[in-house]
Every structure is written in structure tokens, then in C-alpha cells.
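A short worksheet on the structure shown next.
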Amino acid sequence: MDTIDKTPKTRLIKKGAEASLFLSEWHNRRAIIKVRIPKSYRPAALDMQIRSYRTVHEPQLMHEAKTAGVATPLIYMVKVPESTIIMQYIEGPQMKTLLNSASKQHRRSLCTEIGRNVARLHKDGLIHGDLTTSNIIQAPDGTIYFVDFGLGEKNMELEAQGVDLHLLKRALQSTHFGFWEECFQAVMSGYSAVIGEVQAEKVYEKISEIERRGRYVEERKQ
Amino acid sequence: MKNLESKYCLGIESSADDFGIGLATFGGEILANKSDSYIPTEGGIHPREAARHHAEVADTVLQEALSKAGVKAKELTCIAFSQGPGLGPSLRTGATVARALASYLKIPLVGVNHSVAHIEIGKLQTGATDPVTLYASGGNTMVTAYESGRYRVFGETLDIALGNCLDVFGREAGLKTKKGLPIGAAIEQLAAKGEKLVPLPYVVKGMDLSLSGLVTAASAQLQNHSLEDVCFSLQEHAFSMVTEVTERALAHTEKKQVLLTGGVAANKRLQAMLAVISAEHDAQFSVVPLQYATDNGAMIAWTGTLAYRHGLTTPIDESIVKLRWRVDKVDVPWIQ
């Protein structure tokens, strides 16, 4: 019973840059089939290496995230040769949509909760690697799920944690430019509440350092 | 009200090693695009030497541009200049020339963002209207797209630029910049003869990427593999990374055009990779023509006309150069 259900119920719901997501069924449960498609622009050997690596590591990181106290979809099956992961379908809006329609107060509480979850990951040495508001979903019961750990890694270093939050900040700036500052502030306050003020301050400093390192940032020292 | 084709903007570009002057009509015709490049005797760009070069050639390039365009200085409507980002001494030289011209001719000065200019000239030359743009050069590597009044940055390098990555590796490998053959082009020629893919770091973080480790690793591999194979592997890794990041921005924004601009746009292998992802997302792919890919005055002149027509001029006392002027800090009201 390990064949992928290709009944008419299977339909493509998202063609992302890296993977296609199909909504399907897995033993009478609604499931997401995530297929990392071969990328013909890069050499086959490099392509296979990247896809296999991400297919193996993503479920491992999702599992460890649960141990850290962060909700992630259940993994039903992994098929490395086909770069395919079958996992639980989480019904609910993406944070991207939610933030744009929420009240200021609601936005604040959502972002604080996101910050808490990021801190839980970091505390356990997990880096999400692609924190955007498209990769965070709120289930009907209110639980916040993190998805798409394909670019994640296990890393305890301040540098990795700083980049992780820097990416979230950048995602907020490009997608929610009208109110990104209040969102990021709320993220950091939730982060601080879980990881502790001293550590949060260190990570915050690191984020500034990463930004100064980038090219053409006004804050950078001449 | 004069006809758009008989209103002219002169643009001065001097942000790095190229000193360029271009002339554009308000209707979008490029009448002249002249430049002279500083070529270091060894190593990378020495900012003070580059500035000295620019000061020396400014007069000649200006005369060449005006005579090519067949336009007299007194017929100009405004003077645009590259106000940043870039190297301080180089930028200041161009800004000084621009201020002098504007004051002498008593016409407005228009400070232009160098990165915005690369995107605008690409759009003008290719007909792209709302693209996801990969701007890759010696000093910049970013993926941008227009969203609510500005070009937003969807991905960028966390450390060095793509062109810089190729240049530094090239110098490590003993390649030298020659007139008409930049190091990047030399690497492209060598890479075409490479066959074996040497494993190198592949670092994509979200929509950002990191290239500094790649240079170090590739340079170290010169001990074990042929120069051709390392050039090939460096290109394949670096270009795959920027292509992956561009594809992510394309999927995220769901735009239907992809534009490649900046000096590295000349590379055929990079063009081929981007053409593949564009086709996969039903997007139209275009590359800026070579003479507008590297830093040039025409792009500043054209962007100057856009800004001027929307009332954006720069008083002399606000014309100080901005070395780290990010593209997403600039309002672009000419886009609807």
C-alpha cells in the first residue's frame, strides 16, 4: 500500500519554485503530496543531490520541531528516489492572508505567537531556513503550524539563528510593507519571552550585524 | 510644451570602474551611450585610482556623447547622475561633473538610484513592463519586483555579489582583466571547456544566498582539478543558486516576466538557466542588450527622464552621494 494515490481526487494545489503540492488522500485522510521536481537548469548530479538531501532532511526536521513544541504536519510517507513526501493536510489560511486582513491587535498576537514558535525551534538547535508568512498556517483550532522545512538545518550557532530571523524580517518587509515593523516587533517580543531576554538581545544584535554585512545598507559603517 | 522627442536628459554614471555618459530623449530614445573604463594594473578596483581615471576622462566622454547625439549642451532639459549605491570617490567624481553642468546650464539636477536605473533600462530595451528582475553585477546581486510604489527586494546575496565572486576567483586563478574581455567572460569561455562537476558549497537561505564560501572552496579546488573544470563547477553552482532564488521570487509574486540585467547578464549559461525557469512558469524571459548590461550613462539618462517627469529633481545641497542607497528605499512614482 505504498503507491501514491493518483485517483481523480488528487489535484495540484500549488506549483512552487521547488516543489509541486498535490492535495490527495492517504488511507482516507486528506493528505499533501509534496514532489520535488527535477530542475533541468542545473546539472543532473547536483540536482539529484539537492533534491534527495532536502527530501530526507525535511521530515526529520519536522519531527524534531514537534519535539520542540512547534506544530508541523504529520509525515505519512517518504519516498527518496522520487523526492516525494506525503504528509498531513493542514486546513486553514496562510499567515500571509491572515495578517493582511487582521486587526492591529490580532496581528500583534499572531506575530507574538510566531516569535514564540521560532524561539522553541532555536532553543532546540533547529533552523527553519525559509521563514515567510506563506510557510505558516493557522488551523481552525487556532494552532499555528510551520511548514516547508526544506531549507532547514540543525544548527545551534547564533549566526544561523540571526539569519533565520533576518529572513522573516525581510519577508515581512517585502510582503507586508505597510505594517512590517509592528509585526517584527511582536515576533521579537514573543521570541524573547520564550528564549530569554539576554539571548534574544544577542540574536537581535546578530540580525543588525548581518544587515550591516549586506551590501548597501545605510546603517553600515563606512 | 515641447515634443517628448526633442526634450533631452544627459546621464552620468560613475559608481565603480566605468565612467559613462548617455543621452536620452523623454520619449525613450537613446541618442548616445559613451564610456571609458578604469582597468586596474593588478587586483580589484582601487577606489581612488578609479576616481582619478574618471576625472581625467570626463571631459572627453562628455564631448563624445554630445557629438554622437548631435545635441548641444544648451538644448538639455536636465542632468541626471548616479547618486548611489557605489564607491564613494567614484560617485563623487560623477556628481561633481553633474553639479557643475547643471549650475552652468541653469537646469535641474536629478539624482538617480543606480540599481533602479539598471532595471529601467532593461525594461525600456526589452519591452518588459512588470518583471521579476535579477540584477547581477560586480557590486550587486538581487532579485526585485515592483510592489506598491517601490521595487521590493525578494532575495539578495548575504555577502558578496555574483560578479565579485567570479572576479575574485578569477584573480585567484591568475586571470587578468583585459580590454574587451572582463574576467567573468574569461571564466565563461574556460567553463565551456569544463566537463567534470566538482562538488562545491550550495548555500541558499530562504530567498537569499551566500557566495563567499563558494569562492574559497573553488579556489582551493584549483589544486586538485583543471582550471576548466573548476570554472565550470563554479558557474554551475553559483548560477544554480541565483536561478533557484529567482524562481522562488517568480513563484511567490506570480509575475509573468523575468528580466536579467547588470554586468553578469552577458553570461550565456546564466541566461540559459533563467530561460528554463521562465518557461516553466509561463513567464516571458528577456535579457538587457550587452551595451546596457554593464554600468552605463544611458540608463541614468533614461531613468532621469522618468524621475524628472514626475517632479523628482535634486537640489544641489541635497545631491550628496549615497554609498549604500538600497533600491527598496526609492519611490518610483512613474510605475502605475
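Residue numbers start from 1 in every chain, and the chains themselves are labelled A, B, ... in the order their sequence lines are given, proteins ahead of strands. Just the heavy atoms: all of them, side chains too, but no hydrogens, waters or symmetry mates, feed the values below. Model, not experiment: these values are computed from the prediction.
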Which bit of [X] is near chain B, if near means a heavy-atom gap under 4.5 Å: side chain, backbone, both or neither?
{"X": "A/Leu46", "result": "both"}
{"X": "A/Ile127", "result": "neither"}
{"X": "A/His166", "result": "side chain"}
{"X": "A/Thr132", "result": "neither"}

So which part of [X] gets closer than 4.5 Å to some heavy atom of chain A, the side chain, the backbone, both or neither?
{"X": "B/Leu250", "value": "neither"}
{"X": "B/Arg269", "value": "side chain"}
{"X": "B/Tyr202", "value": "side chain"}

Donor-acceptor pair, side chain of B/Lys205 and main chain of A/Ala160, under 3.5 angstrom:
no
So, A/Arg170 side chain and B/Asp208 main chain: donor-acceptor pair closer than 3.5 Å or not?
no
More than 12 heavy atoms of other groups within 6.0 Å of [X] [atom1]:
{"X": "A/Lys202", "atom1": "NZ", "value": "no"}
{"X": "A/Tyr204", "atom1": "OH", "value": "no"}
{"X": "B/Ile320", "atom1": "CD1", "value": "no"}
{"X": "A/Glu157", "atom1": "CD", "value": "no"}

I'd like to check [X] versus [Y] (side-chain heavy atoms, cut-off strictly below 4.5 Å). Are they in contact?
{"X": "B/Arg152", "Y": "A/Gln173", "result": "no"}
{"X": "A/Pro43", "Y": "B/Ser240", "result": "yes"}
{"X": "B/Glu147", "Y": "A/Ser174", "result": "no"}
{"X": "B/Glu247", "Y": "A/Tyr41", "result": "yes"}

Ranked by heavy-atom pairs below 4.5 Å to chain A, first place among B/His281, B/Met207, B/Arg150 goes to B/His281
Between B/Pro199, B/Ser148, B/Gly84, which residue shows the highest count of heavy-atom pairs closer than 4.5 Å to chain A?
B/Ser148
Is A/Lys39 salt-bridged to B/Glu244, cutoff N-O under 4.0 Å?
no
I'd like to verify something: which residue of A/Lys14, A/Gln49, A/Arg54 has the highest number of heavy-atom pairs under 4.5 Å with chain B?
A/Arg54
Where B/Val204 and A/Leu151 come nearest, the two heavy atoms and their spacing:
O-CD2, 4.1 Å
Which atom names give the shortest non-hydrogen contact between B/Val276 and A/Ser40, and what distance separates them?
CG1-OG, 3.3 Å
